[in-house]
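Data block below; observations after.
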Amino acid sequence: MERIGLKGRISNYMYDRLADNDVSFTAEGIIILMNYKIYKNTCGFLTESQSWSKEKIKRYQLKKLHQLIKHSYENVLYYKELFDKNGIKIEDINDFNDLQKIPFLTKEIVKKNIEDLKSINYPKYSFSYLTTGGSTGAPLGFFDEKSISYVKELAYTKTVLDRIGYKYKDKFVVFKGAAIPSVEKGKFWKYSSFGRSLVFSSFYMNEKNLPRYIKKIEEFKPQYIIGYPSAITILGKYIKNNNIKKFKNLKGIICGAETLYKWQKDFLEEIFGCRVLNNYALSEQVVFATSCEKSDDLHIFPEYGFVELIDKNGRAINCEDKRGEIVATGFKNFIFPFIRYKTGDFGIYTNKKCECGRNCLIIKQIEGRKQEFIVTTDGRQISMAAMNMHSNVFDNVKQFQFYQDKKGEVVFRIIKNSLYSEKDSRNIKQELYRKLGKNIDLKLEFVDEIQKTFRGKHSYLIQKLDENNYNSNR
Ligand SMILES: [Zn+2]
């Protein structure tokens, strides 16, 4: 097994600082520098592959599928056993139809087989533990390749930015669920990437604090805004209601992690006077899709993974306008392979070619991620996407759900596992308060069952506030 070099050590150390949510000013920048070659090569590859023909995309994806399946059979115990049990031979998987011989990978299977899904041919220090936010149930733990996966992800984001005129040294404002250490002092932001990006907390955006947000953005003069559509919408509404001038240098907005509604996209384009792109990506890193220069439909990056739309009987969908579950096989993460992973998200199939000329698979609309809020007594709206915590404090929680029927009060329902103890309750409360901040009363409630929606999905938040209880921002 190869030894990690000095560069790798520094990069991994910085990555851990990043994962701590305690990002130092330069952590992200240093990770890029240390892995610059990978970043640069990925960017170069993606620039070229955008113009590939359908045939070339197909050849590339088949090659990657073959590599991934061979690697998984040889190095990942779960797949070795699965293939042997089902009589699947690597040489039998020669086209996309053959792929259907492989049973789906579900969140439940990942949860039960986390150790057996790790590739044995990677050194220990390469594994980085992550969790999903659990918008459709309890958070899911898995691994990716420390630093490397992160840098590759940045290369994909850069390719998206290129669609809206990115230039070296452009600056970003980011709205997401990051914990900002200085909020108590009224500083709702922190710098990262050598100061080129200004990360704002999406938790404190109320009437009282928004003037400070606006002032800071005006001083910073960003070219791009990236983040939760709900948070950027709150900012936009405030700008509109208070007749604040448009930000001067803005070239584009990229929304992600939540559904971007059509009304929101139109509203944001009007208020900010720039193009708004929609991005769909999962923590599990199996699918990455973005709208383009010409269309609001989601263009799936074929380099990132292979995506199937599946009907309720598990069959592939290829009829115009038909809705199906997104099942994805990721090419990026060989360290913990996701093959035919059922994402729980739904998309609408289309076979129409986009005016932009790209030949990738296009999905019209993503359903499954709701845009929901917890409301504090002072009217702050905390998006469920912001509760996507990369934390292991929920390891002993089987399922959870927020319940709110009174402004400023929220109940956190928990289905415990057998290892759950008083210590977990303390840690969970501490972690949630860190995210929720003040002016909210949080209670834990232990339950045996959490009711599912009519689609059989788990709702992350049951929110029963009426319009009057909601802030005027909506
Ligand atoms: Zn297009």
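Keep in mind that this is a model prediction, so the values were computed, not measured. The first residue of the sequence shown is numbered 1, and numbering continues consecutively from there. Numbering of ligands and ligand atoms starts at 1, following listing order.
- In this structure, the side chain to side chain contact (heavy atoms under 4.5 Å, CB included) partners of Pro302, at least two apart in sequence or on a different chain, are Ile57, Gln61, Cys360.
- Heavy-atom neighbours of Phe96 CZ from other residues, nucleotides or ligands within 6.0 Å: above the threshold of 12.
- For the Zn ion (ligand 1), protein N, O or S atoms closer than 2.8 Å were enumerated as Cys292 SG, His299 NE2, Cys354 SG, Cys356 SG, with waters left out.
- Using cut-offs of 30° and 60° on the angle between ring planes, the pair Tyr60 and Trp52 is tilted.
- In this structure, the ring of Phe338 has its center less than 6.0 angstrom from the ring center of Phe336.
- Looking at residues two or more places apart in sequence or on another chain, you find a side chain to side chain contact (heavy atoms under 4.5 Å, CB included) between Glu108 and Thr106, Lys111, Lys112.
- Judged as a side chain to side chain contact (heavy atoms under 4.5 Å, CB included), and not counting sequence neighbours, the contacts of Glu91 are Lys89.
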